[in-house]
Amino acid sequence: DLDGTLMHTLPDLDLAANQFLQEHDLPPRPHGKLADFVGKGSRDMMTRLLAHVAHEATPARPMPDLDSAVEQFFEHYHAVNGQHSTVYPGVVAGLQHWQQTGVRLAVVTNKSMAFAQPLLEQSGLAPYFDVVVAGDTCSHKKPHPLPLQYACEQLGVAPVNAVMVGDSVNDARAAKAAGMPVLLVPYGYNQGVDINTLKPTAIVNSVYEAATGVYWPA
């Protein structure tokens, strides 16, 4: 997973969302308040954001329709994508360990490819991955298993012999539906759901722990 597992991308999402709100004369959301809306792609995020601010709309200041809102958000996000995002501790060391031991890697994200690929390249993470499956690569996004199944096909590995490392209920449900073990990190964007309740294969403190096998049963 990308957002909330490999990278802390919320600052850029926050900035783009608040620029959208400012464009419509709406007050900004406090930093971090968007976290519970992240995980199912930009369209779902904007659906939830519009519902959250709907009570602030007036006849003189109506809410835009969803398609327009997503398009406007994309314009802002294109301008700031990667500017304030950071790679989580342990990610590079974990990816290096996997690469050195011959493990093939894929990113499976609900973020559109137009944002995911540039973000991976700007952060220096792109060279570690053989495959990138974005939110618009397949006909379904996580928590549907299809993106994980597609990634496994591209890597030439059966889902049971792969492992999903993520941070949220979407990652856990997608992996379980694909018949794949899932390791969850306790940081990131879990949409307010306690990851202990998701019954992952294990909980790991970092991608490095996932890579080196230093984890404990959930």
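Sequential numbering from 1 along the given sequence is applied to the chain's residues. Predicted, not measured: the structure shown is a model, and the values here were computed from it.
A donor-acceptor pair shorter than 3.5 Å can be found between the side chains of Glu121 and Gln117. Checking Asp65 against Ser68 by side-chain atom types alone, a donor-acceptor pair falls below 3.5 Å. For Asn190 and Ser168, the side-chain atoms include no donor-acceptor pair closer than 3.5 Å.
Met180 has its side chain within reach of Cys152: a pair of non-hydrogen atoms, C-beta onward, lies under 4.5 Å apart. For the pair Asp1 and Val165, the minimum side-chain heavy-atom distance is 4.5 Å or more. Side-chain atoms of Pro200 and Leu183, non-hydrogen and from C-beta on, never get closer than 4.5 Å to each other. Counting heavy atoms from C-beta on, the side chains of Thr109 and Val133 never come closer than 4.5 Å.
The backbone N or O of Ala114 lies less than 3.5 Å from no partner atom in the side chain of Ser112, so there is not a single donor-acceptor pair. Without hydrogens or angle criteria, Thr5 side chain to Leu2 main chain gives no donor-acceptor distance under 3.5 Å. Although no hydrogens or angles enter the test, the distance criterion places a donor-acceptor pair under 3.5 Å between the side chain of Arg104 and the main chain of Leu155.
For Gln96, the side-chain hydrogen bond (donor to acceptor under 3.5 Å, both in side chains) test picks out Tyr128, with sequence neighbours left out. In this structure, His97 has no ring pair (Phe, Tyr, Trp, His ring centres under 6.0 Å) partners at least two apart in sequence or on a different chain. For Asp167, there are no salt bridge (charged side-chain N to carboxylate O under 4.0 Å, His left out) partners two or more places apart in sequence or in a different chain.
Between Asp44 and Lys141 no salt bridge is recorded (no basic side-chain N to carboxylate O distance below 4.0 Å).
Proximity of the aromatic rings of Phe20 and Tyr77 is defined here by a centroid distance below 6.0 angstrom, and this criterion is not met.
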Mind running side chain to side chain donor-acceptor pair (under 3.5 Å) on His8 and Tyr189 for me, showing each step along the way? CA-CA 9 Å; His8 178 42; Tyr189 318 133; 2.8 Å; yes
Are Leu105 and Val131 close enough, and set up right, to give a side-chain contact (heavy atoms from CB on, under 4.5 Å), and what steps lead you there? CA-CA 7 Å; Leu105 301 172; Val131 175; over 6 Å; no
